[in-house]
Amino acid sequence: MIYPEYAALVVLFAIAVIDVRTQKIPDSLNLLLFLLGVIAVFMRGNVDVAGLILGVAIIGGQWLVSRGKAMGSGDVFLIAGISLLLPQISFMILTLLTAYIAAACTAILLLSTGRMKLAGRMPFAPFLAAGAGVAIVFGEIITASFRI
């Protein structure tokens, strides 16, 4: 049996690669991810509304405050789809922490090596995808270890 969360890893990988190359997330892939999330919700029998609100509030808030300069609208839809895949808020916290820490480390590396300028743009979907991947695959172990 293929679980929708694991099928979603393939979609997340495709989104990450496309975002790196084009700095755009195809609506069709966001929709596919969202549908896989809906299937996951039906299979689990519950939706984590708190995780959905947290993810959309943080990513959507950045999008609103920056008027789309710090975060694209595709990232808002991406986090909504990711939230449906995650069974509890601790997994969303893990996803966001992983994404922001990885993005910060990458930005520091790119800035310090001169491969990116301070005003440069860096796609964020790969980091959200990686964070979601960590949460989907290792979430039970990590959240149990830290009791988050």
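The structure displayed is predicted, hence computed values, not measured ones.
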In a table with atom names and distances, give each donor-acceptor pair under 3.5 Å that connects a side chain of residues 100-107 to protein atoms at least two apart or in another chain.
| residue | atom | partner | partner atom | Å |
| --- | --- | --- | --- | --- |
| Y100 | OH | Q62 | OE1 | 2.2 |
| T106 | OG1 | A102 | O | 2.8 |

Show the atom names and distances, to 0.1 Å, of all donor-acceptor pairs under 3.5 Å that link a side chain in residues 47-61 to residues at least two apart or in another chain.
| residue | atom | partner | partner atom | Å |
| --- | --- | --- | --- | --- |
| D48 | OD2 | G51 | N | 3.1 |
| D48 | OD2 | I89 | N | 2.7 |

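By the 30° and 60° cut-offs, the orientation of the rings of F127 relative to F124 is tilted.
Hydrophobic cluster membership for L31: L35 (Ile, Leu, Val, Met, Phe, Trp, Tyr linked by side-chain heavy atoms under 4.5 Å, directly or transitively). When hydrophobic side chains of Ile, Leu, Val, Met, Phe, Trp and Tyr are connected at separations under 4.5 Å, F13 ends up clustered with V17. Cluster note: I141 groups with no other residue, as no ILVMFWY side-chain heavy atom lies under 4.5 Å from it.
The list of ring pair (Phe, Tyr, Trp, His ring centres under 6.0 Å) pairs with a residue in residues 54-83, not counting sequence neighbours, is empty. Here side chain to side chain donor-acceptor pair (under 3.5 Å) pairs that include residues 67-87, with residues two or more places apart or in two chains, number zero.
A search for side chain to side chain contact (heavy atoms under 4.5 Å, CB included) contacts involving F42 returns V38, not counting sequence neighbours. Every side chain to side chain contact (heavy atoms under 4.5 Å, CB included) that S28 has, sequence neighbours left out, goes to P26. Residues meeting the side chain to side chain contact (heavy atoms under 4.5 Å, CB included) test with A135, sequence neighbours left out: L86, F91, L94, T95. Considering only residues two or more places apart in sequence or on other chains, P126 meets the side chain to side chain contact (heavy atoms under 4.5 Å, CB included) condition with A16, D19, V20, P123. Under the rule for a salt bridge (Lys or Arg N to Asp or Glu O under 4.0 Å), R121 has no partner lying at least two apart in sequence or in another chain.
Taken together through direct or relayed side-chain contacts under 4.5 Å among Ile, Leu, Val, Met, Phe, Trp and Tyr, V134 and I136 form part of one hydrophobic cluster. Both L96 and I82 are members of a single hydrophobic cluster when ILVMFWY side chains are connected at heavy-atom separations under 4.5 Å. If you chain together hydrophobic residues whose side chains sit under 4.5 Å apart, L85 and Y6 fall into the same group.
When the shell of 6.0 Å around CD of Q23 is examined, it contains more than 12 heavy atoms from other residues, nucleotides or ligands.
Side chain of N30 to backbone of G74: a donor-acceptor contact under 3.5 angstrom is found.
Here the closest heavy-atom approach between residue P4 and residue I39 is recorded as CG-CG2, 3.8 Å. The heavy-atom pair separating A125 from L78 by the smallest distance is CB-CD2, 3.7 Å. Here the closest heavy-atom approach between residue L12 and residue A132 is recorded as CD1-CB, 3.9 Å. Smallest separation of non-hydrogen atoms from A8 and L33: CB-CD1, 3.7 Å.
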Give the intermediate values and the outcome of side chain to side chain contact (heavy atoms under 4.5 Å, CB included) for residues M92 and I79.
CA-CA 9 Å; M92 178 55 75; I79 200 67; 3.9 Å; yes
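Residues M43 and E5 fail the side-chain proximity criterion, which asks for heavy atoms closer than 4.5 Å.
Rounding to the nearest 0.5 Å gives a distance of 14.5 Å between CG of L29 and NZ of K24. Between the CD atom in Q88 and the CD1 atom in I93 there is a gap of 9.5 Å [rounded to 0.5 Å].
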